[in-house]
Amino acid sequence: MNESYQNQLETLKDQLSIAISRILELEERFKCAKDITHMGMWDWDMISQQVNVSQEIYEIMGINPDDIHLTIPYIQDFLIHPDDRELFQESVFNATTFGQVDNTSYRVLHPTKKECYIRLQSKLISIEGNRPAKVMGVLIDVTDEVKVHQQLADEKDFIETLIDNIPNPIYYKDSDFIYRYCNQSFVEFIGLPKDQIIGKTVYDVAPPEQADVYYKADADLFRNEGKQTYESTVLHADGTLHYVLFNKGIHRRANGKSIGIIGLMQDITESRRNELQLKMLYKVKDVFLNINHNLFSYKDDQSFFTAIQSELQLIFASREQSTVLRLKDDGYLTILVNKGFNNQEAEAFNLKYEDSFIYNSNDAESKVMIVNDIASRVEHGIPKVITSKNTNEVQSTMSIPLHINGKLRWIICLDSSQNNIYTDTDLAIAEYIREELPILYRVYDLYQQTLHLSKYDGLTGLFNRRTFDKICESTLDATIEDDVPILIALFDLNGLKKVNDTYGHHIGDAYIMAMTDLIHDLTTPVTTFGRIGGDEFAGMFLKDTLNNVTKKILTAQQQFSKTLIHTSLGDITGGFSFGIAEYGKDGKLKSELLKVADKRMYANKPFSIDL
């Protein structure tokens, strides 16, 4: 052996020593890795069905190598957990038939552990002919890993169950604003199946006008990377817009990078309705207060309800047209006041109450009623009321029945060309009006009655003495500088005391009313009459001559003498005396004229017909 060869041998020995040391190091490291990962080596001879495993696998499986001869059937029947035997059997079939090997985890039976899980990682390493011959791989104890995954799955399920039971809608979007998670409340609120929400954007689940608002808010939140709270409307599953308070925050990774948005929705519709209802209620009270302050300025029902109609516009902004219907004693509806309708049709309107949609609707006479789709109702036989001034026909109406002393007297109808425009809030406010407005009307009506009694005679309806005197004085004062003919006449009903004493006061009242009817026949636009005493009447004639008025009264006197008043004791006739004074010639003061007329009336008594 020469020196050169010796040197080469020494070098080779050194290299071999290094290689062996490296192998031993790798083996040690591999052993450490196996110990750390609880891993063992195995191979399966598919021809002989012999399975060889390392010591680590026996330790992992908790079995004694001296007691067991491992084969695939034995492993399947005695080591694999019953829950996973079908899966194991399928893997064996795929390997032996198609040469397909996979990395699969199984639950195995362990003599001491309640749960034990392994993962087989394998590779086909030889093929004889056209069939696989040998598989090698590692077995890893993944019990802890499986338990951790199961714990994570349980916690995830718990959290999802917890969130699903939260009544507030909750959702999660990724950085592209795509829905990745939502709870059951969100699904129910939106009214879409979860598979039509997850993986979608707001433009897939919301109308465009709302989606624009949500997208802009998400973009602002991502740009500012803070928290966000705002109110908006959301289309609810019931088809209506709900007021919603959004509370949103950024979801970040551990490194601080923003990766998503967590949102929570709070339905504040009821709160907003209550606020709106409260505001409207304050408006109604202000309206009633305003009406009450002006109560004495309304001269009749028409002026009263015209004011009410105008004030209601401040409360119900959606109202475009309105009518106040009056239910007469004959059972017919007429229009007292209207806004937005043809005035000629309104004046001619006369509908039998029983033919109206109000009469044919349940509780419409006692409660506020909202009617929609009026156009289609008209097509199906409901009578069209009157024509709108504008081209838009009425689609929705809200009727407010007003009962006075237990009897339906008025119906306020608030109309709109928009269908389904009136809300539950409108209904609640209208109900308040229905309950409170009759009280205000009764105060107004009582004032009108009191005012009427203060100005008119309770039996005849003619002006009383106080009112007649005021009218007479104001007329005389206004015509002092004018050359306007004015005549003052006094009338005395003959024998009223005798009628009362003989036939009773009810006949006396009939006698007075017969005289009143006669006076009505003498009434013209320029005459004023009043009852100024029990059997005395007075009249003021403008722009007429003494001869002409005298002829009229004489004719009436003759006619009255032929008027029959029926009594239980037989028919009676009556008579009256009169006297006339002429302004200017007989005086210019009321007292002077009445004195002259009184004197002439008594002078006329011998010529009047008495009972």
query = Going through the distances and angles, do Phe537 and Phe463 end up as a ring-ring contact (aromatic ring centres under 6.0 Å, His included)?
reply = CA-CA 10 Å; Phe537 299 82; Phe463 287 121; over 10 Å; no
Any donor-acceptor N or O pair under 3.5 Å, side chains [X], [Y]:
| X | Y | result |
| --- | --- | --- |
| Asn247 | Thr229 | yes |
| Tyr444 | Asp301 | yes |
| Asp445 | Gln449 | yes |
| Asn372 | Ser396 | yes |
| Asn274 | Ser271 | no |
| Asp426 | Thr423 | yes |

inquiry  = A quick test of your reading: do over 12 heavy atoms of other residues, nucleotides or ligands sit less than 6.0 Å from CZ of Arg442?
reply    = yes
ask   = Quick check: are there more than 12 heavy atoms from other residues, nucleotides or ligands sitting under 6.0 Å from OH of Tyr332?
value = no
Tell me every residue that passes salt bridge (charged side-chain N to carboxylate O under 4.0 Å, His left out) with [X], counting only those two or more places apart in sequence or in another chain.
| X | answer |
| --- | --- |
| Asp544 | Lys552 |
| Asp238 | none |
| Arg465 | Asp469 |

ask   = Can you check whether Ile488 reaches Cys472 side chain to side chain, under 4.5 Å on heavy atoms?
value = yes
ask   = Does Tyr456 reach the side chain of Thr467, with side-chain heavy atoms less than 4.5 Å apart?
value = no
Leu312: which of Val287, Ile433, Leu437 passes side-chain contact (heavy atoms from CB on, under 4.5 Å) = Ile433
inquiry  = If the test is side-chain contact (heavy atoms from CB on, under 4.5 Å), which one of Asp286, Leu281, Val284 qualifies with Ile315?
reply    = Val284
inquiry  = Please check this pair: side chain of Ser474 against backbone of Ile471, looking for a donor-acceptor N/O pair closer than 3.5 Å.
reply    = yes
ask   = Is the distance between the ring centroids of Tyr298 and Tyr447 under 6.0 Å?
value = no
